[in-house]
Amino acid sequence: MSEEKLPSRAENYSEWYNQVVLKAEMADYAPVRGCMVVRPYGWALWENIQASLDQRFKATGHVNAAFPMLIPKSFLEKEKEHVEGFSPELAVVTIGGGQELEEPLIVRPTSETIIGHMYSKWIKSYRDLPILINQWGNVVRWEMRTRLFLRTLEFYWQEGHTAHASEQEAQEETLRMLEVYTRFAIDEAAIPVIPGHKSDSERFAGAQRTYSIEAMMGDTRALQSATSHNLGQNFARAFDIRYLDPNNELQYCWTTSWGLSTRFVGAIIMAHGDDQGLILPPRLAPIQVVLIPIFRNDEEKSSVLPVVERLSAELTDFRLRVDDRTELTPGFKFNDWEMRGVPLRLEIGPKDVQNQTVMAARRDKPGKAGKTLLNQDQIARQVKELLEEIQKAMLDRATAFRDEHIHNPKNYDEFKDIITRGWAFSWWCGSAACEAKIKEETKATTRCAPIDQSEGKGTCIYCGKPANEKVYFARAY
RNA sequence: CGGGGUGUAGCGCAGUUGGCAGCGCACCGCGUUUGGGACGCGGGGGUCGGCGGUUCAAGUCCGCCCACCCCGACCA
């Protein structure tokens, strides 16, 4: 339960984030540094994310399976870039049942290797392809600096792993899943993400090409919210994933992988929250509507509660919570549910009983601006409309905010200024040296390059040489 | 791993010259309250981060260790 005000976002954004996560009871710190406990309210949000994504994965032909958490150390070492990328952050098990292990086991940081191993057993013929498997699970990466949801030692995610007969099919799959993530983020989470491909330095260890969706947080920093990798034949060669083609010739498969993690919860918090706390998009909110009965005495109570009961029976299509706690005042409850981001609040008191009304308050519009007096008639229809309006307004607001904070600097001086308070969409020559210099001088990294490069050619914002691509630069989480 | 900081009730903190371990919030009970963060009265709760030292006496002084937080180098 929350008793105090949150720090304002302007005065201390990261403290605002920590406090809102703790006070809204989304998560708590675990006894092990860098680990978190996802509390029921946070997990309920994650479950809604899972349900929505899972449905989209199934609709695109994928099936779920589960692979083990422990991976032989030697597996990680089979793909050169992969081991180089991940070895600094591995948790290694060396003892089992009191005995030193013959071969140390890795707690999976991601599952390309073990899934690759299994695919090489399962795939014999072009008739076995494509293989389209997703797994919901947890992984461990030993990070230096951690933040609840955004970067923890252990996190929950889904990882899709597919194998295909041709490079083109693998590339289509990679982009298809990028599109699935994009639609999910925009349509369900109301976060106007920007899809694109990563630079080589930001590429997944072992991938041929990495794509991501990038979201703008309330402090204008960028958050990579999901990734999709075209792994080429790198893992197929490392794990000997081969098939006989129709001409009876052995071919290496083309594989992909793609993932979205509990980090996305952090994206929702920071993309939409305000100084009062969370604002959750109706489609994903664990509680869509909170109903608060108001009465002063037993007489009012006995007239209010039947109406509350009747109306809540009409609202069973929604994720509804009736807050009938007697030890708290309505004022406290208003603030508490606002902090927790419930999109719509309904108040029912003696006046409403008398007038056949319900006071509705939209979370996305603070104060009186968000209040409407509803008629008790057809309450479900009105609630449905309001939730849809809120969902839309949240996307509109986030989109406007994003667009206000993306600029096209004319030169590097302008770039340096812009990057302190937004993103820069600039020409880049593609050299790792320019990218590194920009990062060193401004802390901004390349986030992604949109797939559709309609503006032709230009000159690099840093070195002035010819550039084929415009990319987004931003300070990132 | 480098720089800075903090460890006292669940949380936030105070604790003077070394002398009975406290305050606010939260929690429990009773009563009054309830349309934007209610109030009164009464309660429960402590290995003062750990180990060692000085002292009649250590939360307080000294030494070592540990943990956590913030800022930098790596990342979904």
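Worth knowing before you read on, the calculation uses all heavy atoms, side chains too, and leaves out hydrogens, waters and symmetry mates. Just so it is clear, the model here is predicted, and its values are computed rather than measured. A, B, ... follow the sequence lines: proteins, then strands. Residue 1 opens every chain.
- In this pair, A/W157 and A/F155 present their aromatic rings perpendicular. The plane angle is above 60°, beyond the 30 to 60° band.
- In this structure, A/R151 is not positioned above the aromatic face of A/Y477 in the sense of NZ or CZ being under 6.0 Å from the six-membered ring centre and within 45° of the axis.
- For the P atoms, the distance from B/U17 to B/G31 is 48 Å, rounded to whole Å.
- Between B/U33 and B/A38, the distance separating the two P atoms is 16 Å to the nearest Å.
- Taking the six-membered ring where the residue is Trp, A/H229 and A/F204 present parallel rings, their angle staying beneath 30° rather than reaching 60°.
- A/Y462 pairs with exactly one of A/E441, A/K437, A/E435 by the side chain to side chain donor-acceptor pair (under 3.5 Å) rule, that one being A/E441.
- Remark: the separation of the P atoms in B/U47 and B/A9 is 9 Å, to the nearest Å.
- For the C1' atoms, the distance from B/C23 to B/C66 is 29 Å, rounded to whole Å.
- Counting to the nearest Å, the P atom of B/G37 and the CG atom of A/D275 are 19 Å from each other.
- With respect to the salt-bridge test (charged N to carboxylate O, under 4.0 angstrom), the residues A/R475 and A/D219 do not qualify.
- When rounded to the nearest whole Å, the span between NE2 of A/H229 and P of B/C75 equals 13 Å.
- One P atom belongs to B/C11, the other to B/C56, and the distance between them is 37 Å to the nearest Å.
- Rounded to whole Å, atom P of B/C74 lies 12 Å from atom CD of A/E89.
- If you take CD of A/Q224 and P of B/C74, they are 16 Å apart, rounded to a whole angstrom.
- The OH atom of A/Y477 sits 19 Å away from the P atom of B/C74 (whole-angstrom rounding).
- Distance OH/A/Y119 to CD/A/E112: 10.0 Å, rounded to 0.5 Å.
- For the P atom pair drawn from B/A73 and B/U55, the interatomic distance equals 50 Å after rounding to whole Å.
- No cation-pi contact links A/K73 to A/F75, judged by a cut-off of 6.0 Å to the six-membered ring centre and 45° from its axis.
- Rounding to the nearest 0.5 Å places CD1 of A/I191 at 8.5 Å from CE of A/M394.
- In this entry the distance linking CG of A/N138 with C1' of B/A76 reads 14 Å, nearest Å.
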Pairs under 3.5 angstrom, nitrogen or oxygen only, protein versus nucleotides 66-72 of chain B, please.
from	atom 1	to	atom 2	distance (Å)
B/C71	OP2	A/R145	NH2	2.1

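- Between the P atom of B/G37 and the CZ atom of A/R340 lies a distance of 18 Å, rounded to the nearest Å.
- Counting non-hydrogen atoms under 4.0 angstrom, A/L260 reaches nothing in the nucleic acid.
- Listed by chain and residue number, nothing satisfies the salt bridge (charged side-chain N to carboxylate O under 4.0 Å, His left out) test with A/R321 (two or more places apart in sequence, or in another chain).
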Listed pairs under 3.5 Å, donor-acceptor, residues 304-311 of chain A side chains, sequence neighbours left out:
from	atom 1	to	atom 2	distance (Å)
A/R310	NH2	A/Q376	OE1	2.9

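- The gap from the C1' atom of B/G46 to that of B/G22 amounts to 11 Å, rounded to the nearest Å.
- One interatomic measurement links the two molecules: CD of A/E159 to C1' of B/A76, which rounds to 11 Å at whole-angstrom precision.
- Remark: A/K416 fails to qualify as a cation-pi partner of A/F473 under the 6.0 Å distance and 45° angle criteria applied to the six-membered ring.
- Not counting sequence neighbours, A/F295 has no partner by the ring-ring contact (aromatic ring centres under 6.0 Å, His included) test.
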What pairs of nitrogen or oxygen atoms, one from the protein and one from nucleotides 32-36 of chain B, lie under 3.5 Å apart?
from	atom 1	to	atom 2	distance (Å)
B/U34	O2'	A/F295	O	3.3
B/G35	O6	A/G349	N	3.3
B/G35	O6	A/G349	O	3.1
B/G35	O6	A/P350	N	2.8
B/G35	O6	A/K351	N	2.7
B/G35	O6	A/D352	N	3.4
B/G35	O6	A/D352	OD2	3.4
B/G35	N1	A/G349	N	3.4
B/G35	N1	A/D352	OD2	2.5
B/G35	N2	A/E347	OE1	3.3
B/G35	N2	A/D352	OD2	3.2
B/G36	N7	A/K371	NZ	3.3
B/G36	O6	A/R345	NH2	2.5
B/G36	N1	A/E338	OE2	2.7
B/G36	N2	A/N335	OD1	3.0
B/G36	N2	A/E338	OE1	2.6
B/G36	N2	A/E338	OE2	3.3

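- The 12-atom threshold is not exceeded at CH2 of A/W142, counting heavy atoms of other residues, nucleotides or ligands nearer than 6.0 Å.
- B/U54 and B/U60 have their C1' atoms separated by 13 Å, given to the nearest Å.
- Taken together, the paired segments of RNA chain B that extend over three or more consecutive Watson-Crick or G-U pairs, each closer than 3.5 Å at both contacts, are B:1-7 with B:66-72, B:10-13 with B:22-25, B:27-32 with B:38-43, B:49-53 with B:61-65.
- If you check every strand for non-hydrogen atoms under 4.0 Å, A/S87 touches nothing.
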